[in-house]
Peer 1: 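Got a structure for you, questions after.
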Amino acid sequence: MSPAKSNAKDPAMTLDKNFDPAAIETRWYEHWENKGLFRPERDDREPFTIVNPPPNVTGSLHIGHALDNTLQDIIIRHERLKGKDALWVVGMDHAGIATQMVVERQMNERQQKRTDFTREQFVEKVWEWKEESGGAITKQLRRLGCSMDWSNERFTMDEGMNEAVLKVFVDLYNDGLIYRDKRLVNWDPALKTAISDLEVETVDTKGSFWHFKYPLADGVTLDNGQDYIEVATTRPETMLADMAVAVHPSDERYKSLIGKEIEQPITGRRFKIVADEHADPELGSGAVKITPGHDFNDFEVGKRAGFAASEMLNMLDGEANVCQTADGLVPDEYIGLHRFRKDGVDGARERVVQQLKEQGFLIPHVSKNKDGEQVEHDAEPRTIATPFGDRGGVVIEPWLTDQWYVDAETLAQPAIKAVRDGDIEIVPKSWEKTYFNWMENIQPWCVSRQLWWGHRIPAWFGPEIIDGEASDSGSKIFVGMSEADVIKKARAYYPSKYEIAFGDTPEGLSADFVNLVRDPDVLDTWFSSALWPFGTLGWPEQTKDLERHYPNDLLISGFDILFFWDARMAMQGIQFMKEVPWKRLYLHGLVRAEDGSKMSKSKGNVVDPLGLIDQYGADALRFFMAAMESQGRDIKMDDKRVEGYRNFATKLWNASRFCEANGIGASKTLAAPEATLPVNRWIISEVVETQQALDKALTDLRFDAAANTIYHFTWDRFCDWYLELIKPVLQGEDAGTADETRMVAGWVLDQIIVMLHPFMPFITEELWHAMGDRKYDLIVAQWPAPKAAVDADAKSEVDWLIKLISGVRSTKVELNIPPGTKMSAHVCDGDDHLQAKVTRQHAALERVGRLETISFDPAPDGPSAQIVVDGATYVLPLAGAIDIDAEKARLNKALEAAQKEAKSLGGRLGNPNFVEKAKPEAVEKARADLADKEAEAGRLQAAIDRLG
RNA sequence: GGGCGUAUAGCUCAGUGGUAGAGCACUUCGUUGACAUCGAAGGGGUCGGGAGUUCAACUCUCUCUACGCCCACCA
C-alpha cells in the first residue's frame, strides 16, 4: 500500500519528472502518525529513550527548535531502524510567566486586567487560551518531520505531572531540602514576581556615578576638619533606606570614624559608620553607603553589622514605587514616586539628587571639555552592569521578601559526582568544566513565583502556638499532598480546643478555631520541567515505561539551557530516581543569522524555519542542520546551503527515476546480493564502508560527519560513477550480468534510502514505496545489514577504471579535444593482469571513457597524448594536429608534481633519524610511496621524451 | 576578575603527528534520454603571529593578537 500519487507523464513510471517536497510531506507524516509508527509495539526489544525539551505552550517553531529537534529525530529514527524500542517523549511546558503574560496582554486589549477576575476565573481563562491557541508548535514540529510519540503527549501541568510536582515538593520539604526564607530576591517590578538568578540578564548600560557628602553627626570631624564623609553611588534613590556607611577596617583615613554616626540629610535617619571588608579603599572615597534592603552586597554587610533581615528597611513596593519605611522617616513627597524616571516623569532618583544638590550635599564631577576648560557635572558618566529580568525587560530590584528556596547545593553534589564518574557523559566534553563550575558554586534556588498560572505551592500557613495559645503570627507552615494531609498534620499540632478551617483570606482569630491559608504562590516553571525525564514516564507510579525507559539514553539540548534545565534534571533525577536521568548529554550551539549575529526579533533578522521548509522542503532543511552541526560550534544560517541539499534530494530523486526506468526496483534481500562483476562487488564494498562510517559518526554524535558520509556516497560514488558504469551492462547483451546488476543496484538504492532516512525522512519514504511493493513502511524498516566484506580486488579494479577515465577526460579538456571524441589507446608496459581488466571493463571504457579500443600493440608513430595510471602508460593517438606544446606542458606539470613528492619522500627517507625513530609502518609506507612516485615520474619522462 | 570557545581556499566550515578537504562562489567546456535543482575539467590556501617539544607540527605545549560566549558583588 503506497499513498504515492502517480501522475507521471510516462504511465510506466511512478515517479514524477520533478520532485516536489510539498506534495509528499504532509501525506507521509499523517500516514506515519495514523498508523502509530512513531512508537511501534516493541516491548521485547531493547529500549532507547530521548525526552524532548518541552517547548513553551506559547511558542512557535524557531530555527533553534528546528536544529534541536532535527538532531533528536535523526537519532531516534536511526535507533528505530536498528530495531530498538525507540521512544521519543514529547510534550509542552506551561511556561508560567510567558503564558500569563500572553493572556494578560489579550485582556489588556479588551480593556480588562487580571485582577478583574478571581484567581480561579483567571486560571480558567488561561486553560481556555491553551486549548484554543496553545501548542501551535506541535503542528510545526510535525512539518519538520519529527517522529515523537504524540499518542502520549504530555504537559507540565497535566494530572500526572501535577502529582509528580506535588510529591517532589513535599518530599524535598520533609527532607529539609526546600525551605522558606526571608532574604533579598531578584524582584521583577514589571511582572511583580520574584525570579531566579538565572532569569536575570546583566546588561551594560550607560549610567551615572554621583558623589555626595554624608554629614557626620554630633560635631565629629575628620582629622582635616572635614565634617562629612564622601560616599558615591549609582543608585541615589536607595538613600531613603540607607542604614550604614561602611569603610574598610584598615583604612587609616576613616579609622577614627568607626562607630560614629551619620545623619542622613533627607530622612534625618541616624546610622553608624561600620568597618567592613566590603568597602574598597581604592574605589571612590573608600566609604560606601549601605542599603541592606536593596542591594545584595549591602544585605551581607548589614547582616555582619548586626541587622536581622526583619529589621532591614524597605522603601519600595512591588512595582518599585517608593513606600514608607518601617521607621517612618521617608518624607511624604517621596511616597509613591517611581524609583527612577519613568514615562517622562522624574522619580525618586532624580528627586534625591536634586534635593541633595540644593542642600549642598552633591559633590560635582569635574571634567575637561574639548577646549580644555573645566566643566562641572552632577555626576560622573559610567557604564553600569545593570540587571534586567529576561521576561519583563525592566531593571531588577533586589527586594526583601519571604520565598521558597531549594537547597541546590545539597542536590548538586551527586549530580557533580555523576559527571565526574562518567555516569553522565557530556558531549562535547568541553562543557564539563562549565557544568562543574556552575554546580560547585550553586546558590539556593528561589522557586516561588508571585503568579497565578502554575503549580500552586502545597503549603499552608497557620498561627503559631506560643505558650499553648494560637498567636497571630501566621508563620506555622504545613506542607502536604492534599488538604486532608494538611489537616492531619495541623490536627497534630494544634491543641484540641482549636477547630481547623481553610480560608483564602486570613480572618481574625477567634478563641476556638484556626485558619489555614494556602500559600498563593506558584512554582518556577523549571521546577516542573526538571522532572520531565521521569515524570513523563509515570512517576511517582512505578510504571513499566518508567522501568524500561529511565534512565533515558540521551538528552539533546542547546547549551543555553544547561543550567536552567539540564543541570536541574540531573539533580532532581538523581534525588528521586537514585539514577542519572540520561547517560549522555549532547549540547549544541545556537543558530545564528547569516552575518553571524544572534537572531532576535528586535534586529529583524529572524529566519523562519517554516519559510525554509516551504521553499526547499523539510528534508533539505533537516539535512542542512545535520551537515552543519559539528560539535562545539554555532551554526550560521546559509540559504544557499539549504538549497544545495534540496538539490541533493532532487539528485536522489532522479537517480531513482533512472533506476525505475531500467527495471531496477526494491531489493528482495537485506543482505547484499551475490555479485560477480567487479563494479557490483565494488559498490557493495562501498556500501559496507559507508554504513560503518555512518554508524560510527552517529554513535559519536558527529552529525556533520554522518551527513557528509551519506551525501558523498550517494552523489559521488553511486550517481556519478556506479550508475554511469552500469549503463553499458544494463543495455548489454548478457542477460545474466544485467540481471545481477539490477539486483545489486536495487539493493544499493535501498541501502541509500534506509541510511538517508533519518536525515531526509520524507523523500526516502516516498522513494521506498515508489521503487516497489514493500511489506512495511521505511520508518520501521531495517537498518542495513550487508553481511558482506570489503572486496579489495574489486575496489582496486574500479579505482583504476575511475583513474583512467578521469585521466582521459582531463587530457581532452587540456588539449582542447571535444569531450565526445572517441579515441583509442595503446598500452605500454601492460601485463596480463591489466589485459584482463581491460577486457572486463571494455564496455565501461568505451561508453564512459570514450575509448573505443585499447590495444596492447605499440602505438603507431604520430602525434599522441599519453596518460600514466598505476604503472602503465596509455598512448592515445590523435587524428588531427596535436598541440605538442600543450601536451608537453600537461605532462610536465604531472611530472613536476610526481618529482616533488618523490623528492620530499626521498628527503625524509634520507634522514637517518626518520628511518630509526619513526614508526616502522610510516617508514614502510614512505618507501612504497617513493617507489610509486619514482616509477610514475619515469613513465612521464618517457612520455615527454617520446614527444621529441 | 574567572572560565570556555574560535582564528584553515573569496564565503561558510570539516580535518589528521607524516607534504591540506567539502559546500557555495569563480573559470573553461558540455542539451549522447536519470538529473541544467545537471555533467566534465580546472584555478585558488606559507592552515592568525611568535617560541618550544618531535626524525616530522595545520595537528601537541606555551605565549601573543583578534573576535565571540558564559559566569562573577566592584558601590
Side-chain angles (χ1 to χ4, degrees), chain A residues 13 15 17-19 197 202 209 231-235 238 246 278-280 282-291 295-301 384-385 428 430-434 436-438 441 559-560 562-563 589-590 592 594 596-598 616 620 624 627-628 630 632-641 643-662 702 704-705 708 711-712 719-720 723-724 727 805-806 809-814 816 818-820 847 850 900-901 903-905 907-908 911-919 922-923 925-926 929:
Chain A
M13 295 279 284
L15 295 170
K17 179 145 170 50
N18 292 309
F19 169 53
D197 298 348
T202 308
F209 196 44
V231 293
T233 181
T234 57
R235 300 203 54 200
T238 61
H278 167 65
D280 180 354
E282 304 293 311
L283 201 64
S285 66
V288 56
K289 65 189 251 339
I290 300 297
T291 322
D295 183 280
F296 288 101
N297 288 314
D298 294 4
F299 180 80
E300 297 302 325
V301 176
I384 302 166
S430 54
W431 282 102
E432 275 188 1
K433 207 156 184 174
T434 306
F436 289 136
N437 190 44
W438 189 70
N441 296 292
F559 62 70
D560 51 330
L562 173 60
F563 305 145
L590 250 49
R592 296 178 167 276
E594 203 130 5
S597 64
K598 219 164 162 173
Y616 302 111
F624 167 79
M628 298 305 287
S630 63
R633 206 196 252 268
D634 286 347
I635 290 178
K636 272 189 199 131
M637 202 52 231
D638 182 358
D639 283 17
K640 293 290 287 179
R641 192 128 180 178
E643 185 184 358
Y645 293 125
R646 187 273 319 263
N647 295 352
F648 175 57
T650 307
K651 184 77 182 176
L652 176 67
W653 184 265
N654 283 312
S656 304
R657 290 180 65 235
F658 169 80
C659 289
E660 190 182 29
N662 283 279
R702 286 308 308 247
D704 54 346
N708 286 328
Y711 177 96
H712 287 292
C719 291
D720 286 350
L723 291 185
E724 292 306 319
K727 279 177 183 174
I805 293 171
S806 299
R809 286 172 176 169
S810 53
T811 302
K812 280 181 180 168
V813 168
E814 282 171 59
N816 280 320
R847 168 89 182 250
R850 313 226 162 246
K900 193 180 158 204
E901 282 199 47
K903 193 180 164 195
S904 161
L905 288 161
R908 207 189 306 163
N911 180 350
N913 282 326
F914 173 68
V915 182
E916 284 164 28
K917 295 184 184 171
K919 284 178 293 186
V923 178
K925 186 176 183 305
D929 288 351

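Values reported hereafter were calculated over all heavy atoms of this structure, with side chains retained and with hydrogens, waters and symmetry mates removed.
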Peer 1: Does a side-chain N or O from A/K812 land closer than 4.0 Å to OP1 or OP2 of B/A40, or not?
Peer 2: no
Peer 1: Hunt down any stem RNA chain B takes part in, defined as 3 or more consecutive Watson-Crick or G-U pairs whose two distances are each under 3.5 Å.
Peer 2: B:1-7 with B:65-71, B:10-13 with B:21-24, B:26-30 with B:38-42, B:48-52 with B:60-64
Peer 1: Which part of the nucleic acid, if any, lies within reach of A/R646 when heavy atoms closer than 4.0 Å are counted: base, sugar-phosphate only, or nothing?
Peer 2: base
Peer 1: Describe the nucleic acid contact of A/R702 in one word from base, sugar-phosphate, nothing, applying a heavy-atom distance below 4.0 Å.
Peer 2: sugar-phosphate
Peer 1: Give the B/S/- string for nucleotides 16-30 of chain B, one per nucleotide from 5' to 3', where a protein heavy atom under 4.0 Å of the base yields B, of only the sugar-phosphate yields S, and otherwise -.
Peer 2: --BB--SBSS-----
Peer 1: Is a donor-acceptor contact shorter than 3.5 angstrom present between the side chain of A/E724 and the base of B/A40?
Peer 2: no
Peer 1: Which nucleotide in the list B/U32, B/A34, B/C4 gets nearest to the side chain of A/S430?
Peer 2: B/C4
Peer 1: If we ignore angles and hydrogens, is there a donor and acceptor under 3.5 Å between the side chains of A/R908 and A/N911?
Peer 2: no
Peer 1: Which atom pairs link the protein and nucleotides 6-10 of chain B when you take only N or O atoms and keep those under 3.5 Å?
Peer 2:
unit_1	atom_1	unit_2	atom_2	d
B/U6	O3'	A/R633	NH2	3.0
B/A7	OP1	A/R633	NH2	3.0

Peer 1: Does A/F436 have any ring pair (Phe, Tyr, Trp, His ring centres under 6.0 Å) partners at least two apart in sequence or in another chain, and if so, which?
Peer 2: none
Peer 1: Report yes or no: is there a donor-acceptor pair, N or O only, under 3.5 Å between the side chain of A/K651 and the base of B/C35?
Peer 2: yes
Peer 1: Students often get this wrong, so: under 4.0 angstrom with heavy atoms, is A/D560 touching a base, only sugar-phosphate, or nothing?
Peer 2: nothing
Peer 1: Reckon A/A661 touches a base, only the sugar-phosphate, or nothing at all at heavy-atom distances under 4.0 Å?
Peer 2: nothing
Peer 1: Atom pairs, N/O to N/O, protein against nucleotides 72-75 of chain B, distance under 3.5 Å?
Peer 2:
unit_1	atom_1	unit_2	atom_2	d
B/C73	O2'	A/N297	ND2	2.7
B/C73	N1	A/N297	OD1	3.3
B/C73	O2	A/N297	OD1	3.0
B/A75	N6	A/D280	O	2.8
B/A75	N6	A/L283	O	2.5
B/A75	N1	A/D280	N	3.1

Peer 1: Quick one: which protein N/O atoms are closer than 3.5 Å to N/O atoms of nucleotides 44-48 of chain B? Pair and distance per line, please.
Peer 2:
none

Peer 1: Do A/T238 and A/K289 have side chains that approach each other closer than 4.5 Å (heavy atoms only, starting at C-beta)?
Peer 2: yes
Peer 1: Do the side chains of A/D929 and A/E901 get nearer than 4.5 Å, heavy atoms only?
Peer 2: no
Peer 1: Under 4.0 Å: is that the gap between some side-chain N or O of A/R592 and OP1 or OP2 of B/C69?
Peer 2: no
Peer 1: If you look at every strand shown and take non-hydrogen atoms under 4.0 Å, does A/C659 touch a base, only sugar-phosphate, or nothing?
Peer 2: nothing
